[in-house]
Amino acid sequence: MAVIAIFNQKGGVGKTTTTLNLTAGLARMGKRPIAIDLDPQAHLTLTLGVTHITGDESIAAFFRDNTPLPALMRELESGVRMIPAHMELSKIEALQSKNAAAARKLKTGLDESLAQQGVPILIDCCPTLGVLSLNAVLAADRILVPVSADFLSLQSVNKLDLALKALEGPLNRKIEKRILLTRFDARRKLSFDIYDQLKKRYGAQLCETRVVENVALAASPTQAKDVFAFAPSSPGARDYAKLVLELVEAGFFD
Ligand SMILES: Nc1ncnc2c1ncn2[C@@H]1O[C@H](COP(=O)(O)OP(=O)(O)O)[C@@H](O)[C@H]1O
Ligand SMILES: [Mg+2]
């Protein structure tokens, strides 16, 4: 099964919210996904209720000391399996940014261990195209790009598209991606305009599912819950359930 990087170099577009709820939705389908938090801000880790961990217990230890990935994985009460992040990860970004080989480390680590489990692996990226995100992109079979329904977000996805295309040459393969429109507000004409522009530009690469702006999605992390556990009949739960089905049926995680 596939390794998926949830990436956009813009912050606040819904990467962590999407990783959290996609992982939860896949777990509910019995697919035993693994979520990796690759953001030094550790928002996914916090959202999953994992607190008081040290750098040694986080993915930073994999980059710094070659601690094997399975040794860092934890299984939560909800059944979700995850590898936490820690602030120390920002040092990896600073120290290794000039080393090209360092960008392949996560791919090698996954190929040697967790990839063999045959389950979906979802990587929540940080909002920069530095060595950490490059690790995620190079390790990933596919990329999911959340784009929030605002003007600047539209600009950033076009830039990201160019950056990914530039990587395809050295990688010697196409980078398969899907765009997900998030924070969709049906009261704003701008939301529909952005959807139309994305559809025109990205066609079938744009997910049919749009995720609405919904308070349950913003509030569920305050209780360390995914949206299905927090508010199962909310519009946010409806949209992420629809997204999981759409992507599973499209073979996105195969
Ligand atoms: N569809 C949505 N509706 C309402 N709030 C959302 C939605 N998606 C994300 N948020 C909120 O917006 C903020 C940024 O989202 P987040 O997933 O952390 O973005 P990123 O990881 O790209 O920085 C968070 O507070 C999150 O709870
Ligand atoms: Mg995030």
Side-chain angles (χ1 to χ4, degrees), residues 4-25 35-50 58-59 80 82-87 89-90 93 122-130 132-133 135-137 140 143-150 152-157 159-160 163 177-188 190-192 194-195 198 206-244 246:
I4 309 293
I6 292 92
F7 180 56
N8 186 333
Q9 78 280 22
K10 189 171 186 306
V13 294
K15 291 183 289 293
T16 301
T17 305
T18 298
T19 309
L20 170 74
N21 293 305
L22 267 187
T23 305
I36 299 179
D37 190 351
L38 205 57
D39 185 348
Q41 296 178 93
H43 287 166
L44 181 68
T45 302
L46 283 175
T47 298
L48 286 167
V50 179
S58 79
I59 187 104
V80 162
M82 64 93 60
I83 299 181
H86 186 273
M87 241 167 33
L89 207 46
S90 56
E93 186 82 284
L122 288 83
I123 308 172
D124 185 23
C125 297
C126 56
T128 45
L129 189 48
L132 290 174
S133 294
N135 263 278
V137 170
I143 313 232
L144 182 62
V145 185
V147 178
S148 58
D150 58 76
L152 289 177
S153 200
L154 195 60
Q155 303 303 307
S156 79
V157 71
K159 271 195 200 138
L160 173 61
K177 68 170 179 313
R178 287 281 179 117
I179 315 267
L180 170 68
L181 186 55
T182 63
R183 314 200 69 164
F184 187 89
D185 184 345
R187 292 167 307 182
R188 294 165 70 192
L190 180 66
S191 286
F192 291 94
I194 288 175
Y195 179 81
L198 288 172
L206 177 65
C207 293
E208 260 176 46
T209 307
R210 304 185 286 222
V211 177
V212 287
E213 176 80 19
N214 177 228
V215 66
L217 291 168
S220 83
T222 61
Q223 291 189 21
K225 284 184 176 164
D226 60 71
V227 74
F228 306 112
F230 180 78
S233 40
S234 64
R238 173 203 63 202
D239 288 351
Y240 275 108
K242 201 171 150 213
L243 178 69
V244 174
E246 178 186 343

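Note that ligands are numbered from 1 as they come in the structure, with each ligand's atoms numbered from 1 the same way. For this chain, numbers begin at 1 and follow the sequence in order.
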For this session: List every atom of ligand 1 that sits less than 4.0 Å from any heavy atom of G11, numbering the atoms from 1 in the order shown and giving each element.
Result: 23 (O)
Exercise. So do D39 and L89 actually touch side chain to side chain, heavy atoms under 4.5 Å?
Worked result: no
Problem set entry | Qualifying residues under ring-ring contact (aromatic ring centres under 6.0 Å, His included), relative to F192, sequence neighbours excluded | F184
For this session: With heavy atoms of V13 as the reference, note each atom of ligand 1 found under 4.0 Å away.
Result: 19 (O), 20 (P), 22 (O)
Exercise. Taking the Mg ion (ligand 2) as the centre, how many protein N/O/S atoms fall inside a distance shorter than 2.8 Å?
Worked result: 1
Please tabulate, for side-chain N and O atoms in residues 216-224, each donor-acceptor pair with protein atoms closer than 3.5 Å (sequence neighbours left out).
| from | atom 1 | to | atom 2 | distance (Å) |
| --- | --- | --- | --- | --- |
| S220 | OG | K225 | O | 2.8 |
| T222 | OG1 | A219 | O | 2.5 |

Distance-only donor-acceptor hits, side chain of residues 227-239, under 3.5 Å, sequence neighbours excluded:
| from | atom 1 | to | atom 2 | distance (Å) |
| --- | --- | --- | --- | --- |
| S234 | OG | A231 | O | 2.7 |
| S234 | OG | A237 | N | 3.1 |
| D239 | OD2 | V212 | N | 2.8 |

Exercise. Are a donor atom and an acceptor atom from the side chains of T209 and Y240 found within less than 3.5 Å of each other?
Worked result: no
For this session: May I ask you to check whether T16 and D124 show a side-chain donor-acceptor distance below 3.5 Å?
Result: yes
Exercise. Any N or O of N214 that comes nearer than 3.5 Å to an N or O of ligand 1?
Worked result: yes
Exercise. Polar-atom distance check: T18 versus ligand 1, any N or O pair below 3.5 Å?
Worked result: no
Exercise. Can a protein heavy atom be found under 4.0 Å away from atom 25 (O) of ligand 1?
Worked result: no
Exercise. Is it true that atom CD of Q155 has more than 12 heavy atoms of other residues, nucleotides or ligands lying nearer than 6.0 Å?
Worked result: yes
Problem set entry | ligand 1 to K10 polar contact by distance, N or O atoms, under 3.5 Å | no
For this session: Give the numbers and elements of all ligand 1 atoms closer than 4.0 Å to a heavy atom of G12.
Result: 14 (C), 19 (O), 20 (P), 22 (O), 23 (O)
Exercise. To the nearest 0.1 Å, how far is atom 18 (O) of ligand 1 from its closest protein heavy atom, and which atom is that?
Worked result: T16 CB, 3.9 Å
Exercise. Can you find a heavy atom in the side chain of K10 that is under 4.5 Å from one in the side chain of S153?
Worked result: yes
Problem set entry | For I59, the option from I123, I36, T45 that meets side chain to side chain contact (heavy atoms under 4.5 Å, CB included) | I36
Seminar exercise, completed: Minimal heavy-atom distance between C126 and K15, with the atoms involved, is C-CE, 4.4 Å
For this session: Looking only at protein heavy atoms, identify the closest one to atom 27 (O) of ligand 1 and say how far it is in Å.
Result: A218 CA, 3.3 Å
For this session: For atom 19 (O) of ligand 1, find the nearest protein heavy atom and state the residue, atom name and distance (0.1 Å precision).
Result: G14 N, 3.1 Å
Seminar exercise, completed: atom 16 (P) of ligand 1: closest protein heavy atom, distance to 0.1 Å, is T17 OG1, 3.7 Å
Exercise. Using heavy atoms and a threshold below 4.0 Å, how should the contact between V212 and ligand 1 be classified: side chain, backbone, both, or neither?
Worked result: backbone
Exercise. Where do A149 and R183 come nearest, in terms of heavy atoms and distance?
Worked result: CB-O, 3.7 Å
Exercise. At what distance is the nearest protein heavy atom to atom 11 (C) of ligand 1, and which residue and atom is it?
Worked result: R183 NH1, 3.8 Å
Exercise. Less than 3.5 Å between some nitrogen or oxygen of H43 and one of ligand 1, yes or no?
Worked result: no
For this session: Check N8 against S156 and note the closest heavy-atom contact, atom names and distance.
Result: OD1-OG, 3.6 Å
Problem set entry | Numbering as shown, the atoms of ligand 1 that approach V211 to under 4.0 Å (heavy-atom distance) | 1 (N)
For this session: Of all the heavy-atom pairs spanning L22 and L243, show the shortest one and how long it is.
Result: CD2-CD2, 3.9 Å
